[in-house]
Protein chains: 2
Amino acid sequence: MKDKREQIIDTAMQLFAQRGFEGTSIRDIAEKASVNVAMVNYYFGTKEKLFEKIVENKSSVTRGLLDEIMNNKDLTHIKKIEAVIDSYIEKLFTHRMFHRLIQQELILNQRENLQSSIVNNFIPNVMIIKSIIESGIKQGDFKKVDIELTIATLTGTINQVLLSKKFCNRLMNKSDDYIPYEDVKFKKRVSAHLKQLMHDHLLNK
Amino acid sequence: MKDKREQIIDTAMQLFAQRGFEGTSIRDIAEKASVNVAMVNYYFGTKEKLFEKIVENKSSVTRGLLDEIMNNKDLTHIKKIEAVIDSYIEKLFTHRMFHRLIQQELILNQRENLQSSIVNNFIPNVMIIKSIIESGIKQGDFKKVDIELTIATLTGTINQVLLSKKFCNRLMNKSDDYIPYEDVKFKKRVSAHLKQLMHDHLLNK
DNA sequence: AACTTAATTAAACGTTTGTTTAATTTAAAC
DNA sequence: GTTTAAATTAAACAAACGTTTAATTAAGTT
């Protein structure tokens with residue numbers, strides 16, 4: 001049995017991701033987490049601080065993986081890009097609730113500090129991918145592409161299928177109750193597409 | 001001078017797009033639109049109906065353009081794809097407030113009917129692009145790609161730079177007050193990237 | 001000019017909201 | 001077993017919310 005603090009965080013993240021920050025009341029959270037309403041403010045002070053705590057908590061987990069890929073000298077440039085793709089898909093699909101939450105926060109222009117910290121948290125990842133592509137271009141493995149927009153394509157494609165289940169299912173001709181994100185076959189399909197796309201786009205032939 | 005009904009719709013769309021549906025109060029809308037609070041309910045009944053009216057209003061405008069492209073027999077397959085890209089960028093950049101609004105609604109899982117109608121509204125566009133790519137493959141102009149995910153890449157890339165100004169500017173190394181969506185050079189850059197990407201990905205060489 | 005409908009307003013209504021209080025229970029320390 | 005602090009509760013609070021009401025003004029019709 002998780003302790004109540006954790007229970008609140010987990011429940012709040014789910015509800016925030018589903019209904020948005022303003023769309024979720026503290027009473028909603030408390031009820032679903034089976035705790036008293038006052039416990040939320042007791043542990044976190046305010047609703048906004050709870051929100052920040054969620055982002056803070058999860059962000060710390062998602063580091064260091066891309067560094068390994070970049071520094072792995074056994075991999076060619078294109079293999080590194082492939083590893084980045086798989087790492088990204090795995091991470092975002094697994095933590096999709098949290099990912100939806102911060103994407104919403106990015107689109108909304110409320111809470112500037114939080115938005116800044118989210119962006120700042122993402123920039124190092126961008127830089128790593130950027131340096132891989134730059135190196136690939138320098139050494140003649142890759143074509144001279146628009147690096148920043150190529151990164152936008154990578155993340156944008158994943159977001160497009162990840163952020164709305166309904167949209168994804170209609171696009172893929174699946175039924176509404178199908179959950180693509182838990183289907184290994186679907187993950188592999190997205191991975192295969194992005195790898196093919198990057199092969200085509202990056203490699204000098 | 002616009003009439004008050006229009007003024008309410010325009011203001012509400014802006015605020016909904018910026019702050020979300022629940023994050024925007026009727027009083028906010030009324031104040032910014034310089035009308036009495038009661039006018040919103042007088043014209044639209046409820047806040048939710050106002051929201052639906054906005055989506056309904058705008059959706060009707062955005063049709064018919066892709067059909068022309070598809071049926072234009074002077075264009076090769078790849079030229080059609082290029083035309084689709086430019087048409088999409090133009091449309092989404094111009095109506096970016098509205099686009100943010102419906103993207104938010106897609107991510108949120110509230111208001112199922114509205115979500116369905118948004119998805120339904122988008123599917124015909126998907127089908128047109130799909131049929132272009134299918135035809136291209138059939139006639140040997142295009143490679144056998146993952147059609148659905150290629151469409152996700154097209155829309156996802158645009159969304160990625162369109163939905164959050166702050167994210168876009170940081171990715172592109174621009175200052176925070178720069179508004180990329182009103183800069184023709186930026187539009188052309190996105191267009192050029194997507195065309196290059198689709199050339200690489202689709203064309204049989 | 002009288003009448004009718006539409007537009008507009010300020011005020012009020014009942015809920016829901018985030019948060020606080022004050023009292024009570026549980027757990028830990030001595 | 002007594003003391004002290006932490007955890008938990010039900011109740012209350014003020015503010016903000018969407019919406020309605022009832023009264024007033026403006027516009028259009030006969």
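To find a chain, count down the sequence lines: A is the first, B the second, and so on, and within it residues start at 1. Just the heavy atoms: all of them, side chains too, but no hydrogens, waters or symmetry mates, feed the values below.
- Residue B:Y43 places none of its side-chain N or O atoms closer than 4.0 Å to OP1 or OP2 of C:dA6.
- Atom-to-atom, CG of B:D3 to C1' of C:dT8 comes out at 14 Å; the value is rounded to the nearest Å.
- Heavy atoms from other residues, nucleotides or ligands lying under 6.0 Å from NZ of A:K188 number 12 at most.
- When rounded to the nearest whole Å, the span between CD of B:E48 and P of D:dC17 equals 17 Å.
- Annotation: cation-pi pair B:K165/B:Y181 absent, no NZ/CZ under 6.0 Å from the ring centroid and within 45° of its normal.
- Taking side-chain N and O atoms only, B:N36 has no distance below 4.0 Å to OP1 or OP2 of C:dT8.
- Side-chain N/O atoms of B:Q14 and B:K32 include a donor and acceptor closer than 3.5 Å.
- Here the nucleotide nearest the side chain of B:K4, chosen from D:dT9, C:dT9, D:dA7, is C:dT9.
- Atom CZ in A:R5 sits about 12 Å away from atom P in D:dT8, given to the nearest Å.
- The CD atom of A:E22 sits 15 Å away from the P atom of D:dA16 (whole-angstrom rounding).
- An OP1 or OP2 oxygen of D:dA7 is reached within less than 4.0 angstrom by a side-chain nitrogen or oxygen of A:Y42.
- Residues B:Q103 and A:L163 form no side-chain contact, since every pair of their non-hydrogen atoms from C-beta on lies 4.5 Å or further apart.
- Taken from NZ in B:K80 to NZ in B:K73, the straight-line distance is 9.0 Å, to the nearest 0.5 Å.
- Put simply, NZ on A:K49 is 9 Å from P on C:dT20, counting in whole angstrom units.
- Side chain of B:N41, nearest nucleotide from C:dT17, C:dT21, D:dT20: D:dT20.
- Atom NZ in B:K47 sits roughly 4 Å away from atom P in D:dG18 (whole-Å rounding).
- Counting to the nearest Å, the P atom of C:dA7 and the CD atom of B:Q7 are 17 Å from each other.
- Rounded to a whole Å, the CZ atom of A:R19 is 14 Å from the C1' atom of C:dT16.
- Within the 4.0 angstrom heavy-atom criterion, no nucleotide atom of any strand lies near A:F44.
- The side chain of A:A38 sits closest to D:dT9 out of D:dT9, D:dC17, D:dT21.
- Listed candidates were D:dA7, C:dG18, D:dT19. Nearest to the side chain of A:M39 is D:dA7.
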